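Since the structure comes first, as structure tokens, the remarks are kept for the end.
Predicted model, so just to flag it, every value in this text is computed and none were measured. Protein chains get the first letters and strands the later ones, always in sequence-line order, with residue 1 at the start of each.
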2 protein chains.
Amino acid sequence: MVERVVPESGRRRRRPTKQGAVLSERMIVETALRLVSQHGAEALSVRRLGAALGADPSAIYRYFRNTDALLLSLADELIGRAQEGWEPTGDWRADLRAIGLRIHASYRSNPQAALLAAHRTTGRAHETRAVETILGVLRSANFPDPLVVRMYHAFVDQALAFAAQDAAALALPQAAHEADAEVWHAVYGKLPAATHPNIAATLPLLADDMRGSGYPFALELMLDAMAARLPATSVPADGSRDRRARARRPANRA
Amino acid sequence: MVERVVPESGRRRRRPTKQGAVLSERMIVETALRLVSQHGAEALSVRRLGAALGADPSAIYRYFRNTDALLLSLADELIGRAQEGWEPTGDWRADLRAIGLRIHASYRSNPQAALLAAHRTTGRAHETRAVETILGVLRSANFPDPLVVRMYHAFVDQALAFAAQDAAALALPQAAHEADAEVWHAVYGKLPAATHPNIAATLPLLADDMRGSGYPFALELMLDAMAARLPATSVPADGSRDRRARARRPANRA
DNA sequence: ACCTTACGACAACACCATTGACGTGTAAAT
DNA sequence: ATTTACACGTCAATGGTGTTGTCGTAAGGT
């Protein structure tokens with residue numbers, strides 16, 4: 001097989017398609033995102049994307065080696081959008097909360113791409129910028145580095161994992177999606193108290209709570225726990241182990 | 001369309017296939033799990049499952065209305081395996097930790113299937129039993145019901161989300177898996193301290209920590225935060241929110 | 001021994017991603 | 001201004017997918 005994909009920088013000849021569209025990497029990514037957001041996750045196929053572009057489906061392979069490459073590009077775009085126009089405030093807790101919710105929201109807005117991308121490490125520009133920012137927030141809060149790293153890991157994976165989890169629900173075919181939601185009333189609502197006392201006792205609360213995402217509360221709990229592990233700042237107390245904060249650089253930059 | 005599926009209880013005629021296999025719901029689920037664990041998630045298609053069963057693919061539709069119904073059965077089977085042989089100890093914290101780690105482990109042991117199943121609500125026996133157990137653990141710890149429900153939601157979704165996240169990594173094609181791991185050295189290791197000071201400062205710790213799962217620590221943080229919200233038992237004190245219980249237990253690690 | 005019908009098999013449909021071959025129009029080179 | 005090269009859009013084909021309508025047969029109840 002001859003390599004069909006030419007890197008975007010090396011492109012010269014922009015021949016219009018039969019229907020008059022002029023393709024580009026950027027235009028394909030945007031069309032794909034629009035397609036998914038307008039017609040649902042199922043609408044994203046190479047064939048339909050071709051149709052939406054006004055081009056033969058196979059033309060897409062001149063820009064992306066396969067659909068996986070295309071989806072990674074969509075994901076990178078999503079990471080970028082999650083960070084767009086955000087600046088750290090200096091309050092580590094508020095900052096982490098904002099970052100977490102932004103990642104979550106951004107991925108949820110494009111479930112299909114989120115599903116494929118949430119568990120990959122791309123190493124692209126948007127990703128490294130996000131990593132740098134989060135590490136900066138944690139370090140400027142004076143957590144010791146070994147703790148910073150573990151907290152970073154837990155925080156990011158939790159954001160991505162929940163994003164993927166919730167995106168997966170949104171990406172389900174309509175029917176399956178509704179079926180899952182219905183289960184809480186249809187099945188759990190009918191379990192007898194004799195065999196399932198705790199479900200019976202909490203059912204209304206439960207069915208209601210399960211409609212939304214568990215992430216915001218899980219995030220809050222994580223922030224609580226992080227705060228509890230914050231080394232004392234001015235008070236000399238503590239001394240439990242060797243994890244005192246050392247004075248360090250400002251650490252933060254977007 | 002006539003309904004093709006007959007409920008398992010009403011089955012009488014077990015006609016063997018041409019190749020001599022006698023089908024059943026149970027046997028199909030087990031074959032599907034084996035297929036997936038041996039040959040990867042991509043190996044699970046109706047046609048291949050039919051071949052593995054020694055039956056025509058369409059015969060499967062006599063047992064499951066569609067592939068989604070089959071997936072739900074796989075999911076419930078995994079939940080069941082996670083609970084096998086476990087009993088609550090009465091220590092809510094130890095119990096939740098055990099449940100979380102068991103779910104995580106069970107899904108990881110069958111990554112391909114977990115990926116397909118981790119985000120579905122099945123409403124089946126194994127699932128309801130798990131829900132009942134977890135609610136019971138939280139309620140017996142004396143959390144008020146509205147809090148129990150939110151904690152249940154956060155806890156379960158966290159376990160499933162991380163399970164799916166880590167399963168996804170394990171399920172990647174060998175090449176992509178190694179490529180992702182490599183990124184931490186190849187890309188992050190080469191970022192200049194000038195533009196990415198925090199990454200540069202923590203890189204060795206970071207690259208090391210990112211090799212494992214972030215779940216055990218994230219779980220520990222969640223348990224910490226839950227403990228901090230435990231209503232005071234004998235002491236009348238109360239400050240409703242925030243950071244009481246700052247210096248609680250050492251909050252061990254995996 | 002006879003019916004009934006459950007259920008396995010077959011064939012067909014519509015969709016999917018991907019690829020090799022082809023020819024045309026663009027942009028660079030002369 | 002003309003030629004040339006090749007980028008890239010198009011076509012056609014391959015081999016996959018889930019799903020369904022139809023049919024025949026053998027298993028079970030009677």
Side-chain angles (χ1 to χ4, degrees), chain A residues 1-25 27-28 31-32 35-36 39-72 74 112 116 172-176, chain B residues 1-25 27-28 31-32 35-36 39-72 116 173:
Chain A
M1 179 189 95
V2 197
E3 186 52 71
R4 321 168 89 96
V5 177
V6 168
E8 188 72 5
S9 56
R11 284 186 186 278
R12 258 142 245 232
R13 325 204 167 169
R14 332 230 58 142
R15 181 211 295 232
T17 69
K18 268 192 170 175
Q19 299 173 47
V22 176
L23 303 182
S24 72
E25 212 169 277
M27 181 229 186
I28 294 175
T31 304
L35 200 60
V36 169
H39 304 293
E42 302 144 51
L44 189 59
S45 75
V46 175
R47 293 166 127 84
R48 267 193 278 246
L49 180 52
L53 288 166
D56 188 274
S58 64
I60 293 164
Y61 292 94
R62 295 282 177 202
Y63 296 82
F64 300 94
R65 195 137 51 91
N66 52 33
T67 47
D68 192 64
L70 170 59
L71 282 157
L72 281 182
L74 298 191
Q112 193 80 339
L116 250 152
L172 284 177
Q174 188 77 0
Chain B
M1 180 189 93
V2 198
E3 186 51 72
R4 320 168 90 99
V5 178
V6 169
E8 188 73 5
S9 56
R11 283 186 188 277
R12 262 145 240 228
R13 323 199 171 178
R14 330 231 62 143
R15 181 213 295 236
T17 70
K18 266 192 171 175
Q19 299 173 46
V22 175
L23 303 182
S24 71
E25 215 169 275
M27 182 230 186
I28 294 175
T31 304
L35 199 60
V36 162
H39 305 292
E42 302 134 29
L44 187 59
S45 73
V46 176
R47 293 166 129 87
R48 267 196 279 246
L49 180 52
L53 287 165
D56 187 273
S58 64
I60 293 163
Y61 291 93
R62 297 282 179 201
Y63 295 84
F64 301 93
R65 193 139 50 93
N66 49 35
T67 46
D68 192 69
L70 172 60
L71 284 182
L72 287 183
L116 303 172

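- If you check C:dT19, D:dT17, C:dA9 against the side chain of A:R4, the one that comes closest is C:dT19.
- With hydrogens and angles ignored, the 3.5 Å screen pairs a side-chain donor or acceptor of B:T17 with a backbone N or O of B:G54.
- Nearer the 5' end of DNA chain D, as judged by each residue's closest nucleotide, is the contact made by A:L23, out of A:L23 and B:T67.
- Taking side-chain N and O atoms only, B:S45 has a distance below 4.0 Å to OP1 or OP2 of D:dT17.
- Not counting sequence neighbours, the partners of A:D68 by the side-chain contact (heavy atoms from CB on, under 4.5 Å) test are A:N66, A:L72, A:L116, A:R120.
- For D:dG16, neither phosphate oxygen OP1 nor OP2 lies less than 4.0 angstrom from any side-chain nitrogen or oxygen of B:R48.
- When all heavy atoms of B:I60 and B:V46 are compared, the pair lying nearest together is CD1-O, 3.6 Å.
- Taking the side chain of A:R47 as heavy atoms from C-beta on, and the options C:dT18, D:dT17, D:dT19, the nearest nucleotide is C:dT18.
- Atom-to-atom, CG of A:L70 to P of C:dT18 comes out at 10 Å; the value is rounded to the nearest Å.
- Under the side-chain contact (heavy atoms from CB on, under 4.5 Å) criterion, B:R15 pairs with no residue at all, not counting sequence neighbours.
- Taking atom CG of A:L49 as the reference point, atom C1' of C:dC15 lies 16 Å away to the nearest angstrom.
- B:F64 comes within 4.0 angstrom of nothing in the nucleic acid, heavy atoms only.
- Protein atom CD of B:E42 is 16 Å distant from nucleotide atom C1' of D:dG15, rounded to whole Å.
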Sort me out a list of protein N/O and nucleotides 26-30 of chain D N/O pairs below 3.5 Å, or just none if empty.
from, atom 1, to, atom 2, distance (Å)
D:dA27, N3, B:R13, NH1, 3.2
D:dG28, OP1, B:R12, O, 3.2

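- Between B:Q19 atom CD and C:dA9 atom P there is a gap of 8 Å when expressed in whole angstrom units.
- Under the side-chain contact (heavy atoms from CB on, under 4.5 Å) criterion, B:V22 pairs with B:R14, B:P16, not counting sequence neighbours.
- For A:S24, the side chain to side chain donor-acceptor pair (under 3.5 Å) test picks out no residue, with sequence neighbours left out.
- Look at B:K18 and you'll find a side-chain N or O under 4.0 angstrom from OP1 or OP2 of C:dC10.
- Residue B:L53 comes nearest to B:I28 through the heavy atom pair CD1-CG1, 4.0 Å, listed as atom of the first residue, atom of the second, then distance.
- Look at CG on A:N66: it is 8 Å from P on C:dT19, rounded to the nearest Å.
- Remark: B:A55, B:D56, B:S58, B:A59, B:R62 in residues 53-62 of chain B come within less than 4.0 Å of DNA chain C through at least one heavy atom.
- For B:S58, the side chain to side chain donor-acceptor pair (under 3.5 Å) partners are B:D56, not counting sequence neighbours.
- Annotation: side-chain contact (heavy atoms from CB on, under 4.5 Å) contacts of A:V36 (sequence neighbours excluded): A:L44, A:N110.
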